[in-house]
J.: 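Before anything else, here's the structure in question.
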Number of protein chains: 2
Amino acid sequence: MAVTTLHRPAHRDALGLLESAFGDGRLVTAFGRCTVEYDGRAASSLGPGDRLVVCKPDGAILVHTDEGREPVNWQPPGCTHRASVRDGRLRIRSERTSPDEVLDVAFERIEQVTAYEVDDRSDLTLTGSEEDLRRRILDEPDLVEPGFEPIATERETAAGPVDVFGSDEAGRPVVVELKRRRVGPSAASQLRRYVEAVDEEFPDEGVRGVLVAPSVTDRTAALLDERDLEFVALEPVDGDGDS
Amino acid sequence: MAVTTLHRPAHRDALGLLESAFGDGRLVTAFGRCTVEYDGRAASSLGPGDRLVVCKPDGAILVHTDEGREPVNWQPPGCTHRASVRDGRLRIRSERTSPDEVLDVAFERIEQVTAYEVDDRSDLTLTGSEEDLRRRILDEPDLVEPGFEPIATERETAAGPVDVFGSDEAGRPVVVELKRRRVGPSAASQLRRYVEAVDEEFPDEGVRGVLVAPSVTDRTAALLDERDLEFVALEPVDGDGDS
DNA sequence: TACTGTATTTCGCTA
DNA sequence: TAGCGAAGTACAGTA
């Protein structure tokens with residue numbers, strides 16, 4: 001059976017389904033009035049309320065309220081789920097090590113528990129990422145500037161990996177930092193850091209830094225200007241239907 | 001009724017529940033075999049598979065597979081959900097403007113649809129955030145260094161707001177950047193940016209920069225050292241049970 | 001495992 | 001609304 005649902009179950013019955021579903025790798029949802037305690041990298045406490053709890057076979061657990069894209073509490077994949085009944089409450093505990101983290105959900109009332117058999121072999125294909133912007137530039141380096149020649153991607157430097165490293169028409173080293181969307185000051189700092197690192201590798205060659213992004217904020221433009229860094233406006237995907 | 005569930009409903013019946021639930025602000029889950037198309041800031045396509053779709057009354061929608069903490073597709077709060085049946089498929093479309101984004105889920109088979117009435121008035125209380133670290137330092141400035149005196153928090157500079165701005169025993173301006181956990185190179189760059197901005201405000205006063213965090217990576221320590229920036233090891237909450 | 005950077009980041013706050 | 005930075009960020013890639 002692909003889906004098993006218990007409506008307003010006794011805690012004992014809910015416990016049975018949870019244990020069975022955790023055991024054979026099914027996806028589980030539970031809805032009811034609960035409290036949530038978390039302790040790990042930080043610590044949190046959440047008073048009584050109705051929430052949707054999602055337990056995944058990979059060890060992830062999500063506690064969702066009726067608001068927001070983000071779960072109010074969660075545990076990432078790799079945790080171990082356990083269910084129990086104590087003090088008249090149905091409890092779901094999710095634990096992991098490194099870092100040590102525990103999430104505890106205690107239901108005083110459980111409205112519904114469902115276990116789902118999931119068959120999903122499709123992968124997401126996504127366009128418009130920074131990866132697409134990189135490909136676009138490697139395909140057509142002149143988009144950065146006429147005569148630009150890419151030499152390496154993810155080139156290691158003392159300050160970290162540079163998105164695209166190349167040379168300009170005059171043979172000067174060029175550090176290119178890519179961003180898929182409008183950028184703030186941190187991108188300027190990042191580019192500056194790379195340029196300084198590469199500058200130590202190529203003394204007196206006048207290493208240039210170019211930020212490639214759809215746009216920059218005013219403050220970022222000022223920061224780039226101060227540091228003699230350049231900006232090239234470019235989208236991750238061609239806006240026109242051509243090409 | 002707090003929870004309404006349809007098991008293996010006809011698309012028409014599922015549609016009825018969805019429209020009703022969208023209309024009166026209920027939380028909805030739908031599970032079945034579906035495809036997902038997204039177009040907006042980026043664009044994506046997801047082939048057929050079994051997924052759990054969560055629609056929230058605030059306009060958020062989440063498409064969850066059986067893996068990962070993150071939804072494979074989603075739409076943030078503020079969207080408008082609409083359900084329909086076309087070409088033998090049950091469709092859920094979630095749209096918003098600024099930015100223009102559309103998410104389309106098309107079910108070829110629907111295993112279960114549930115609408116939940118949610119009553120949740122509790123707020124999360126969380127400890128161990130950067131805010132806690134700031135309070136800790138304002139309570140006990142000597143944790144930064146003996147004689148440190150905080151003057152302002154979130155003090156505006158040309159490079160952005162500084163976490164804690166103060167002065168040292170000798171009256172020199174001090175810029176403090178706080179991080180709740182071990183930090184990488186970007187934090188060093190950020191601090192440097194602030195110090196340079198404040199340095200322009202207080203020429204020849206020898207503005208100091210101090211990074212307060214539990215720890216730093218090796219490369220970050222080197223970057224701090226190169227730029228004459230300092231590091232103070234401190235956790236957002238007192239590790240001991242004392243104090 | 002630790003480090004580094006991206007993300008359809010989301011989220012909260014402020015000007 | 002845009003800008004800015006935090007997050008229990010999660011996640012992927014790499015050493």
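Keep in mind that what you see is a predicted model, and the values were worked out from it rather than measured. Order of the sequence lines sets the chain letters (A, B, ...), proteins ahead of strands, with each chain counted from 1. All heavy atoms count here, side chains included; hydrogens, waters and symmetry mates do not.
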J.: Going through the checks in order, is the side-chain hydrogen bond (donor to acceptor under 3.5 Å, both in side chains) test met by B:Ser129 and B:Arg180?
T.: CA-CA 6 Å; B:Ser129 65; B:Arg180 67 169 300 279; over 6 Å; no
J.: Compare side-chain N and O positions of B:Arg180 against OP1 and OP2 of D:dT9 and report whether any pair is under 4.0 Å apart.
T.: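 Checking B:Arg180 against D:dT9: at least one side-chain N or O falls below 4.0 Å of OP1 or OP2.
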J.: Under 4.0 angstrom, heavy atoms only, what part of the nucleic acid is B:Pro99 near: base, sugar-phosphate, or nothing?
T.: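 The residue B:Pro99 makes no contact with any strand.
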J.: Have a look at B:Ser186 and say if it touches a base, only the backbone sugar-phosphate, or nothing, with a 4.0 Å heavy-atom cut-off.
T.: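 Answer is nothing: B:Ser186 stays at 4.0 Å or more from every strand.
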J.: With side chains defined as the heavy atoms from C-beta onward, is the minimum distance between A:Leu52 and B:Leu27 less than 4.5 Å?
T.: yes
J.: Tell me what A:Pro161 touches on the nucleic acid: a base, only sugar-phosphate, or nothing, going by heavy atoms under 4.0 Å.
T.: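 Answer is sugar-phosphate: A:Pro161 comes under 4.0 Å of backbone atoms only.
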J.: Tell me whether the rings of A:Tyr116 and B:Phe31 are parallel (<30°), tilted (30 to 60°) or perpendicular (>60°).
T.: tilted
J.: Is there a donor-acceptor contact under 3.5 Å linking the side chains of A:Gln75 and A:Tyr38?
T.: no
J.: Taking only side-chain N and O atoms of B:Ser129, does any of them lie within less than 4.0 angstrom of OP1 or OP2 on D:dA6?
T.: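 It does not, given that no N or O in the side chain of B:Ser129 lies less than 4.0 Å from OP1 or OP2 of D:dA6.
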J.: Contact class for A:Ser44 vs. all strands (heavy atom < 4.0 Å): base, sugar-phosphate, or nothing?
T.: nothing
J.: In whole Å, what separates the P atom of C:dC11 from that of D:dC11?
T.: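 Those two atoms are separated by 16 Å.
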J.: Is A:Thr217 close enough to D:dA2 that one of its side-chain N or O atoms is under 4.0 Å from OP1 or OP2 there?
T.: no
J.: Which whole-number value in Å describes the distance from A:Lys179 NZ to C:dA7 C1'?
T.: 10 Å
J.: Should the pair A:Glu196-A:Arg192 be classified as a salt bridge under the 4.0 Å nitrogen-to-oxygen rule?
T.: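 Salt bridge between A:Glu196 and A:Arg192, a charged N being under 4.0 Å from a carboxylate O: yes.
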J.: Quick check on D:dC4: is either OP1 or OP2 less than 4.0 Å from any side-chain nitrogen or oxygen of B:Tyr194?
T.: no
J.: If you measure from the P atom in C:dT8 to the same atom in D:dC4, how many Å do you get, rounded?
T.: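 Approximately 22 Å lies between the P atom of C:dT8 and that of D:dC4.
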J.: Check whether any side-chain N or O of B:Gln190 sits under 4.0 Å from OP1 or OP2 of D:dA6, and answer yes or no.
T.: yes
J.: What is the separation between atom CZ on B:Arg155 and atom C1' on C:dT14, rounded to the nearest whole Å?
T.: 17 Å
J.: Taking atom C1' of C:dT4 as reference, at what distance in whole Å does atom CG of A:Leu178 sit?
T.: 16 Å
J.: A:Arg182 or B:Asp163: which one's nearest nucleotide on DNA chain D is closer to the 5' end?
T.: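 Mapping each residue to its closest nucleotide by heavy atoms, the 5'-most match is A:Arg182.
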J.: Just by protein heavy atoms under 4.0 Å, how would nucleotides 10-15 of chain D read 5' to 3' in B, S and -?
T.: SS----
J.: Go nucleotide by nucleotide along DNA chain C from the 5' end; which of A:Thr97 and B:Thr220 gets its closest nucleotide reached first?
T.: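 The residue whose closest nucleotide sits nearer the 5' end is A:Thr97.
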J.: Have a look at B:Arg193 and say if it touches a base, only the backbone sugar-phosphate, or nothing, with a 4.0 Å heavy-atom cut-off.
T.: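 If one applies the 4.0 Å heavy-atom cut-off, B:Arg193 turns out to touch the sugar-phosphate alone, with no base involved.
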J.: Over all strands shown, is B:Ala159 touching base, sugar-phosphate only, or nothing at heavy-atom distances under 4.0 angstrom?
T.: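 Counting heavy atoms under 4.0 Å across all strands, the contact made by B:Ala159 is with sugar-phosphate only.
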J.: Would you indicate, yes or no, if D:dA6 has its OP1 or OP2 atom less than 4.0 angstrom from a side-chain nitrogen or oxygen of B:Arg134?
T.: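 B:Arg134 to D:dA6 OP1/OP2: no side-chain N or O under 4.0 Å.
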J.: How close or far is atom P of C:dT6 from atom CD of A:Glu131, stated in whole angstroms?
T.: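 Nearest whole value for this atom pair: 12 Å.
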J.: Would you sketch DNA chain D in dot-bracket for me? Only Watson-Crick or G-U wobble pairs with both distances under 3.5 Å count, crossing pairs as [ ], other-strand pairs as |, the rest as dots.
T.: |||||||.|||||||
J.: Rounded to the Å, how far apart are A:Glu130 CD and C:dT8 C1'?
T.: 14 Å
J.: Counting N and O atoms only, with roles assigned by atom type, does the side chain of A:Arg33 sit under 3.5 Å from a partner on the main chain of B:Asp119, one being a donor and the other an acceptor?
T.: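 Checked: pair present.
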J.: Take the protein atom CG of A:Asp100 and the nucleotide atom P of C:dT1, then report the distance between them rounded to whole Å.
T.: 12 Å
J.: So, does A:Arg219 get its side chain near the phosphate of D:dC4, meaning an N or O under 4.0 Å from OP1 or OP2?
T.: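 Checking A:Arg219 against D:dC4: at least one side-chain N or O falls below 4.0 Å of OP1 or OP2.
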J.: First locate atom CD1 of B:Ile137, then atom OG1 of B:Thr153, and finally report the distance between them rounded to the nearest 0.5 Å.
T.: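 Interatomic distance, B:Ile137 CD1 to B:Thr153 OG1, rounded to 0.5 Å: 11.5 Å.
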J.: In terms of side-chain heavy atoms, does B:Glu37 have a donor or acceptor partner in B:Ser45 at a distance below 3.5 Å?
T.: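 Yes, because at least one side-chain N or O of B:Glu37 sits under 3.5 Å from a partner of the opposite role on B:Ser45.
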J.: Look at A:Arg135 together with A:Glu130 and state whether they make a salt bridge at an N to O cut-off of under 4.0 Å.
T.: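 No.
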J.: Contact class for A:Asn73 vs. all strands (heavy atom < 4.0 Å): base, sugar-phosphate, or nothing?
T.: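 Base, at least one base atom sits under 4.0 Å.
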J.: CD of A:Glu177 versus C1' of C:dT4: gap in Å, rounded?
T.: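 One finds 12 Å between C1' of C:dT4 and CD of A:Glu177, rounded.
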J.: Can you list the steps and then say if B:Lys56 with A:Asp66 is a salt bridge (Lys or Arg N to Asp or Glu O under 4.0 Å)?
T.: CA-CA 6 Å; B:Lys56 297 195 178 190; A:Asp66 59 345; over 6 Å; no
J.: Using the C1' atom on both, measure D:dA7 against C:dG5 and round to a whole Å.
T.: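 Taking atom C1' in both D:dA7 and C:dG5, they lie 16 Å apart.
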J.: Establish, from distance only, whether the side-chain atoms of B:Ser215 and B:Arg182 form a donor-acceptor pair under 3.5 Å.
T.: yes
J.: Atom CD of A:Glu154 to atom P of C:dG5: distance rounded to whole Å?
T.: 10 Å
